[in-house]
Each structure stands twice: as structure tokens, then as C-alpha cells.
Amino acid sequence: MSAAIISGTEIAGAIREELRERVALLGERDGLVPGLATVLVGDDPASHSYVRMKNRAARAAGIHSRQITLPGSTPEAELLGLLDGLNADPAIHGILVQLPLPDQIRDQVVLDRVLPGKDVDGFHPVNVGRLATGAPDVLAPCTPAGVIQMLLRSGVDPSGRHAVIVGRSNIVGKPMASLLMRKAPGGNATVTVAHSRTPDLGAVTRLGEILIVAIGRPGTVTGEMVRPGATVIDVGTNRVEDATRERGYRITGDVVFDEVREVAGAISPVPGGVGPMTIAMLLSNTVDAAVRLHADGGRD
Ligand code: NDP
């Protein structure tokens, strides 16, 4: 039997609508307008397109959004100075620095400069540490936080289940493991993390009642690597050549969708899966950050 489809587009749409209502209420009740600043350095077309989508989604939710675009030659010190200004700006509650940054700027130095309370990407070491130690109310990285919402909102509670994650990056695999194993709603799973040094990947992935794949290589997970009835979330977002498309490529995941959907109980597609959730969770983090900063009188 063919698996149920977990539509990130639909779930993200519901979350964005809930946020729109929450933002309207915050404005009426507390006079609070959440503010998001996106900082883009250079002219990478993919980064420009991501930032445009994020700003558009923020505005649609009623979030004040400010886009700052700097030339690719911007010195690191100038970017750090800009971040200091945004950290001190009471109208801004969330700061997102679009990666990758040009070579003269060190990513980690920049990520470390964002005030942890405004770090809506969840990449600051303080937030990484808070997530790993199970602190409540943490700003968690958007992609894995979106995966948790996809599971919960499609009736798959990770609690007590065996979740297998393929990929151990700092932006997806590791925070995914932290979220799934924490003692909190959406957590309490038994977690296994696999990566490129895992021998016999299929033997590991077949253990997963929940299988989350974040590799960046199309076609890695085939039908025979999946436990029958498992819930499969494909984070992979890969461009593959496709002469039938006008733009010459199409976007595909890491999972062989047509094969795996015949084995899995539920599966998320690419596109239309995790991608839209990442933006929805960015907005959600921005609203959460605004509420917390407002309650703290602007202190971090
Ligand atoms: P990274 O390249 O940072 O990490 C990839 C991980 O996959 C590594 O841990 C690597 O292992 C592991 N890996 C590579 N090849 C294999 C293999 N053959 N078998 C098992 N494990 C393997 O990628 P990211 O985590 O940043 O991204 C992963 C994918 O998710 C990409 O396609 C990316 O585009 C997508 N993505 C999508 C997002 C969205 O919003 N939808 C957001 C973020 C990412 P090792 O550590 O040993 O090298």
C-alpha cells in the first residue's frame, strides 16, 4: 500500500496562519510587533531568493521585516558592527545572517556575535548548548524544529519510538538528535545517528520507526533500506539535471521517493516537504523571541 504523504506545504501553511493570528493578538494586547532582520552579504542568487522568501513570509504573518544587503567585499568588522546595532535595536527581535558568507568573513565569529535571545536560526553556541542540555524554551534550529512539527502534526509522536537520523551536520543532524532525545513534547525517542562512516547503512536505517534523512546525495535511501510502515522525512534538497525542465534542473531529495512510498507508512516529498517548514519555524522563532524579549524588558 502506498504511504500517506506528509505535506510540509500544508503544515507550514497552518503554522503561518496560526502565527498571523498570534501576531495580531500581540499587537492588539501588548502593542508588540515582532521584528526580523535578515542580513545578506554578496550577490549569490540562491541566497537572495531564500532571503526574499523569508521576508515575504514574515510580512504575510504581520512580522516587521528589515532586509539589509551588503556588498560581497564588506569587511568582517563592518558586519560585526551592524550586528551590534541590530542587537541593541528594540524593534528587532530576530536576526538572521544568511550563509554562506564571503571568504574574508568567518562564519562562526559572525554567528557568535548575534545576541542569543535574537538568534532565530538557533546557531549561537549558547542556544546549541541549551538545546543539548534540554533547557526549555530554547530557540532551536529551524529545519529540525520543522521536522518535529511535521511528525507531531501528522500524528507521529516520537516518544518511545526508535528514530534513525542519517547525517550529523550542525544545522540538521545533530540538533535533530537533540530535539528527538530531549525530555519534552516531540522528544523522548530512542535515537540512532548514522553518517558517511557507518558501515551497512541499510542495516541501521531499517531499524527506524522514524527515519530522517539529511545527507545531500540524491537517491541514497532506497526502498529496501526502509522498515515497513516507517515514517520517512526527507530533508535532502538536491539539484539534479533535468533537460525536460525549462530551467534545466529539478529539486529532489535523498530518498528514492517512488520506491520508499511503497514500503513506508508515511513519507514527506521533496519539494513540498521540509523546505516550507524551515521558513515557518523561522517565523515561529521570531515571534517566540519577541515575546521573551518583551517579557524580559529587552534584556537577553
Ligand atoms: P552536510 O553536508 O553538512 O552533512 C551531510 C551529512 O550526511 C554528513 O553528516 C555526512 O557524513 C552524511 N553523509 C554523506 N554521505 C553519506 C552517505 N553516503 N551515507 C551516509 N551518510 C552520508 O549537509 P546538511 O546537513 O547541511 O544538509 C543535508 C541535506 O539537507 C542537503 O541536501 C541540504 O540541501 C538539505 N537541507 C535542507 C534544508 C531545508 O530547509 N529543506 C535545510 C538544511 C539542509 P559525514 O559527517 O561523515 O561527512
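Indexing begins at 1, ligand by ligand and atom by atom, following the structure's order. Just so it is clear, the values below take in all heavy atoms, side chains as well, and ignore hydrogens, waters and symmetry mates. Residue numbers start at 1 and run along the sequence shown.
Taking a cut-off of under 4.0 Å to the non-hydrogen atoms of N238, the atoms of ligand 1 that pass are 32 (O). Taking every heavy atom of V166 and a limit of under 4.0 angstrom, the matching atoms of ligand 1 come to 20 (C), 21 (N). Of all atoms in ligand 1, listed by their number and element, those nearer than 4.0 Å to a heavy atom of G167 are 6 (C), 7 (O), 9 (O). Distances below 4.0 Å separate heavy atoms of T278 from the following atoms of ligand 1: 39 (C), 40 (O).
Just one of T205, I210, V226 meets the side chain to side chain contact (heavy atoms under 4.5 Å, CB included) condition when paired with V232; it is V226.
Judged purely by atom type and a 3.5 angstrom limit, D234 has no side-chain atom pairing as donor or acceptor with the backbone of P269.
Shortest contact from atom 14 (C) of ligand 1 to any protein heavy atom: I215 CG2, 3.4 Å. For atom 44 (C) of ligand 1, the closest non-hydrogen atom of the protein is V172 CG2, 3.8 Å. Of the protein's heavy atoms, S169 CB, 4.0 Å lies nearest to atom 1 (P) of ligand 1. Nearest protein heavy-atom neighbour of atom 19 (N) of ligand 1: L201 CD2, 3.8 Å. Looking from atom 31 (C) of ligand 1 to the surrounding protein, the closest heavy atom is G216 CA, 3.6 Å. Here the protein heavy atom with the shortest distance to atom 42 (C) of ligand 1 is T143 OG1, 3.2 Å. Of all protein heavy atoms, the one closest to atom 8 (C) of ligand 1 is R168 N, 4.0 Å. Here the heavy atom of the protein found nearest to atom 33 (C) of ligand 1 is T237 N, 4.1 Å.
With a 4.0 Å cut-off on non-hydrogen atoms, I171 touches ligand 1 through its side chain and not its backbone.
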Worksheet item: Would D157 and S159 satisfy side chain to side chain donor-acceptor pair (under 3.5 Å), going step by step from the backbone distance to the final call?
Response: CA-CA 5 Å; D157 186 344; S159 181; 4.8 Å; no
Discussion item. For Q67 and T69: C-alpha separation, side-chain torsions, deciding distance, then whether side chain to side chain donor-acceptor pair (under 3.5 Å) applies.
Written reply: CA-CA 6 Å; Q67 181 179 336; T69 308; 3.2 Å; yes
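Ligand 1 has no N or O atom lying under 3.5 Å from any N or O atom of D254, backbone or side chain. Any N or O atom pair closer than 3.5 Å counts here, and R217 shares at least one such pair with ligand 1.
Neither side chain, H93 nor T286, offers a donor N or O lying under 3.5 Å from an acceptor on the other.
Between E10 and R16 there is no salt bridge, since no side-chain N of the basic residue sits under 4.0 Å from a carboxylate O of the acidic one. The residues D137 and R130 are annotated as not salt-bridged, no charged nitrogen and carboxylate oxygen being separated by less than 4.0 angstrom.
The minimum heavy-atom distance between Q98 and V51, with the atom names listed, is OE1-CG2, 3.5 Å. The two residues A58 and S65 have their closest heavy-atom pair at CB-CB, 4.0 Å. Nearest heavy-atom pair, V128 versus F123, reported as atom, atom and distance to 0.1 Å: CG2-O, 3.8 Å.
Closest to atom 21 (N) of ligand 1 by heavy atom, among M176, M277, H195, K174, is H195. Counting heavy atoms only, V235 comes closest to atom 30 (O) of ligand 1 of the residues I251, D234, T220, V235.
Within the structure, ligand 1 lacks T198 among the residues with a heavy atom less than 4.0 angstrom away. Every heavy atom of A194 sits 4.0 Å or more from the atoms of ligand 1. The shell of residues lying under 4.0 angstrom from ligand 1, judged by heavy atoms, includes A214.
The cationic atom of R247 (NZ for Lys, CZ for Arg) lies less than 6.0 Å from the six-membered ring centre of Y249 and within 45° of the ring axis.
One hydrophobic cluster, built from ILVMFWY side chains closer than 4.5 Å, cannot hold both I279 and M281; they sit in different ones.
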